[in-house]
Amino acid sequence: MNIKSKIKLNNGIEMPLFGIGTYQIKSVDMERVLREAIIENHYILIDTASSYKQEEAIGDCLKKLFEEGKIKREDLFITTKSSTSEHGYDKAIEACNNSLKRLQLDYVDLYLIHWPGQAGNQPSSPKNSEARAQTWKAFEQLYQDKKCRSIGVSNYTINHLTELLSQCTIKPAVNQVEFHPFLYQKDLFEFCKKNNIILEAYSSLTRGEKLNDDLIVEFAKSLGKTRAQLMLRWALQKGIVVIPKSTNSERIKENCSLYDFEIPNEIMEKLDSMGNEKRICWDPTVVL
C-alpha cells in the first residue's frame with residue numbers, strides 16, 4: 001500500500017484510498033496547499049464541494065499545474081458535491097455544470113449528494129425523500145452524459161441508502177460520512193460492504209477533539225507514530241478512503257506518511273471498541 005493505492009468502485013473506476021480534504025481552506029491559501037500536496041507529497045485525490053465556495057480557486061490552481069506540465073488531469077481524482085440548495089432534477093444538473101465551470105474541468109471523477117436533506121425543509125419533512133429521488137435521477141443522467149465518472153452520496157444512513165437502492169438504476173459508488181474510532185459506524189460500514197458501496201471518511205481526526213485521548217496517545221507512542229497517523233491508518237486498513245484536511249506544510253506531509261507501518265490486530269480491535277457516540281459534525285439520522 002502507498003499514497004497512490006486505489007480501490008475499485010462498483011462501476012470499475014479506481015479511486016485513491018487517500019487524498020486531501022479542502023473544507024474551510026481559504027481560497028487565498030489554496031494554491032500553496034495544493035502544490036504542496038500534489039507536487040511535493042504526491043497526493044492524487046482532491047475533495048471539495050460547491051458549498052465550500054472554493055471550487056474556483058481549485059480550478060485556477062489545477063489549470064496552472066496542467067499548463068506547467070506538473071501533472072496530468074487523468075492522474076488526479078477530483079470529487080465535488082451538490083449542496084442542500086441544489087436538490088431536485090434541474091437544480092442538480094445545473095449544479096454539476098456550474099461546479100465543472102468553476103473547476104475548469106470537463107468532468108469530475110466523483111460527484112456526491114452532500115446531504116440527504118433539502119434546504120428549506122424540516123428534517124422530518126417527507127419532501128426530503130422526494131428531493132433526494134429527483135436529485136439522484138439527475139445524477140444518473142450526469143453519469144450517462146460523462147460529466148462525472150462515478151456518482152455517490154454523503155451523510156447517508158442505512159435508511160437513506162436502502163431507500164435509494166430500491167429506486168435507483170445506477171447504484172451509488174461511494175458514501176462519504178463522518179467515521180473515526182469514536183464514531184465507528186460498524187453497521188453502516190457492513191451495509192455498504194454488502195452492497196458494494198465504498199465508505200469514505202471525513203473528520204477522520206475528529207477535528208482534533210480526540211487526539212489527546214489517553215489510548216490514542218498510548219497506541220501512537222507504542223508504534224512510534226503520531227496520533228493522526230494512527231487514526232488515519234486505522235481507516236486505511238479497513239479499506240476506507242480518508243481525506244484529511246490541513247493547511248500546515250508539516251501536517252500535509254505527516255498525514256500521508258502512513259505506509260511504513262501496520263497497526264497490529266490487537267490495537268485495531270481496541271480502536272474498534274472506542275465507541276460510536278462521538279459525532280463531531282452534523283447528525284444525518286434526524287433527516288427523514
Side-chain angles (χ1 to χ4, degrees), residues 1-9 12-23 25 29-49 58 61-62 64-66 68-80 103 105 108-110 112 149-150 152 173-177 179-181 189 198-208 211 216 219-220 223-264 267-268 271:
M1 190 189 293
N2 59 53
I3 195 168
K4 294 188 178 180
S5 293
K6 297 178 181 179
I7 194 163
K8 189 170 283 191
L9 304 183
I13 297 296
E14 292 190 326
M15 179 180 186
L17 275 164
F18 181 89
I20 188 161
T22 61
Y23 179 59
I25 295 180
D29 295 324
M30 191 62 72
E31 183 170 350
R32 175 188 62 80
V33 169
L34 290 185
R35 283 184 180 273
E36 288 179 0
I38 296 169
I39 307 306
E40 296 177 24
N41 292 288
H42 312 295
Y43 285 60
I44 56 174
L45 187 164
I46 303 166
D47 180 274
T48 186
I58 292 172
C61 178
L62 292 178
K64 288 179 185 177
L65 293 178
F66 297 152
E68 292 167 10
K70 300 286 188 185
I71 197 161
K72 295 177 182 176
R73 167 64 185 97
E74 57 267 29
D75 294 332
L76 292 177
F77 191 101
I78 299 168
T79 300
T80 194
L103 290 164
L105 299 174
V108 288
D109 298 279
L110 177 62
L112 302 177
R149 295 176 70 226
S150 50
V174 171
N175 185 22
Q176 185 186 118
V177 299
F179 199 93
H180 45 73
F189 182 36
I198 296 301
L199 200 72
E200 180 177 18
Y202 70 76
S203 294
S204 297
L205 304 178
T206 66
R207 296 189 182 172
L211 284 179
I216 295 295
F219 296 152
L223 294 169
K225 295 297 173 181
T226 68
R227 295 159 292 168
Q229 288 169 335
L230 173 79
M231 292 174 76
L232 293 168
R233 179 74 197 196
W234 170 80
L236 284 181
Q237 283 185 209
K238 293 180 177 296
I240 293 169
V241 179
V242 292
I243 44 169
K245 184 266 304 190
S246 183
T247 58
N248 178 285
S249 302
E250 287 305 310
R251 290 206 184 98
I252 289 171
K253 183 176 182 180
E254 173 193 322
N255 286 346
C256 69
S257 301
L258 305 171
Y259 306 102
D260 60 349
F261 76 105
E262 190 166 320
I263 302 173
I267 293 181
M268 285 292 288
L271 289 170

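Heads up: numbering here begins at 1 and tracks the sequence. What's counted below: heavy atoms across the whole structure, side chains too, no hydrogens, waters or symmetry copies.
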State, with a plain yes or no, whether a side-chain heavy atom of Ile38 is found less than 4.5 Å away from one of Ile46. yes
Between Arg35 and Glu31, does a salt bridge (charged side-chain N to carboxylate O under 4.0 Å, His left out) hold up when you go through it step by step? CA-CA 6 Å; Arg35 283 184 180 273; Glu31 183 170 350; 2.9 Å; yes
Look up atom CD1 in Ile20 and atom OG1 in Thr247, then write down how far apart they are to the nearest 0.5 Å. 9.0 Å
Do any N or O atoms from the side chain of Thr22 and from the backbone of Ile25 form a donor-acceptor pair under 3.5 angstrom? no
Can you find a pair of side-chain heavy atoms, one from Leu65 and one from Leu76, that are under 4.5 Å apart? no
Counting N and O atoms only, with roles assigned by atom type, does the side chain of Gln237 sit under 3.5 Å from a partner on the main chain of Ile263, one being a donor and the other an acceptor? yes
Could you pull out the closest heavy-atom pair between Phe66 and Leu105, with the gap in Å? CE1-CD2, 4.1 Å
Inter-residue atom distance Thr226.OG1 - Met231.CE, 0.5 Å rounding: 10.5 Å
In short, Leu110 meets Gly152 closest at the heavy-atom pair CD1-N, 4.1 Å
Can you tell me how far the CD atom of Glu200 sits from the OG1 atom of Thr79, to the nearest 0.5 Å? 5.5 Å
Enter the distance from Leu199:CG to Ile7:CD1 here, rounded to the nearest 0.5 Å. 10.0 Å
Tell me, do Phe77 and Leu45 make a side-chain contact under 4.5 Å, heavy atoms counted? yes
Under 3.5 Å donor-acceptor, Arg149 side chain and Ile13 backbone: no
Testing Met268, Lys238, Met1 for side-chain contact (heavy atoms from CB on, under 4.5 Å) with Arg233, which one passes? Met1
Closest non-hydrogen contact found for Val33 with Ser246 is CG1-O, 3.8 Å
Can a donor-acceptor pair be found, under 3.5 Å and without considering hydrogens, that links the side chain of Gln229 to the backbone of Glu254? yes
Could you grab the distance from atom CD of Glu14 to atom OG of Ser5, nearest 0.5 Å is fine? 10.0 Å
Residue pair Asn255, Tyr43: steps toward the side chain to side chain contact (heavy atoms under 4.5 Å, CB included) verdict: CA-CA 10 Å; Asn255 286 346; Tyr43 285 60; 3.9 Å; yes
Contact check, side chains of Leu271 and Leu230, non-hydrogen atoms, under 4.5 Å: yes
In terms of heavy-atom contacts, Cys256 and Asn41 come closest through SG-CB, 4.0 Å
Can you find a pair of side-chain heavy atoms, one from Asp75 and one from Ile44, that are under 4.5 Å apart? no
Parallel, tilted or perpendicular: rings of Phe18 and Tyr259 (30°, 60°): perpendicular
Intermediate values then yes/no, side chain to side chain contact (heavy atoms under 4.5 Å, CB included), Val174 and Val241: CA-CA 10 Å; Val174 171; Val241 179; over 6 Å; no
In Å, rounded to the nearest 0.5 Å, how long is the span from CD1 of Ile252 to CZ of Arg32? 6.0 Å
Does a sphere of radius 6.0 Å around CD in Glu250 hold more than 12 heavy atoms from other residues, nucleotides or ligands, not counting ones at 6.0 Å or beyond? no
Show the nearest heavy-atom pair for residues Ser203 and His180, with the distance to one decimal. O-CD2, 3.2 Å
Please tell me if the side chains of Leu236 and Leu232 come closer than 4.5 Å, counting only heavy atoms from C-beta onward. no
Quick one: do Lys225 and Asp260 make a salt bridge, cutoff under 4.0 Å? yes
Salt-bridge criterion met for Arg73 and Asp109 (N-O under 4.0 Å): yes
Could you tell me which non-hydrogen atom of Leu211 sits nearest to which non-hydrogen atom of Thr206, and how far apart they are? N-OG1, 4.2 Å
For Lys6 and Met15, what are the C-alpha separation, side-chain angles and deciding distance, and is it a side chain to side chain contact (heavy atoms under 4.5 Å, CB included)? CA-CA 5 Å; Lys6 297 178 181 179; Met15 179 180 186; 5.9 Å; no
Residues Asp47, Tyr202; criterion side chain to side chain contact (heavy atoms under 4.5 Å, CB included); working and verdict: CA-CA 10 Å; Asp47 180 274; Tyr202 70 76; over 6 Å; no
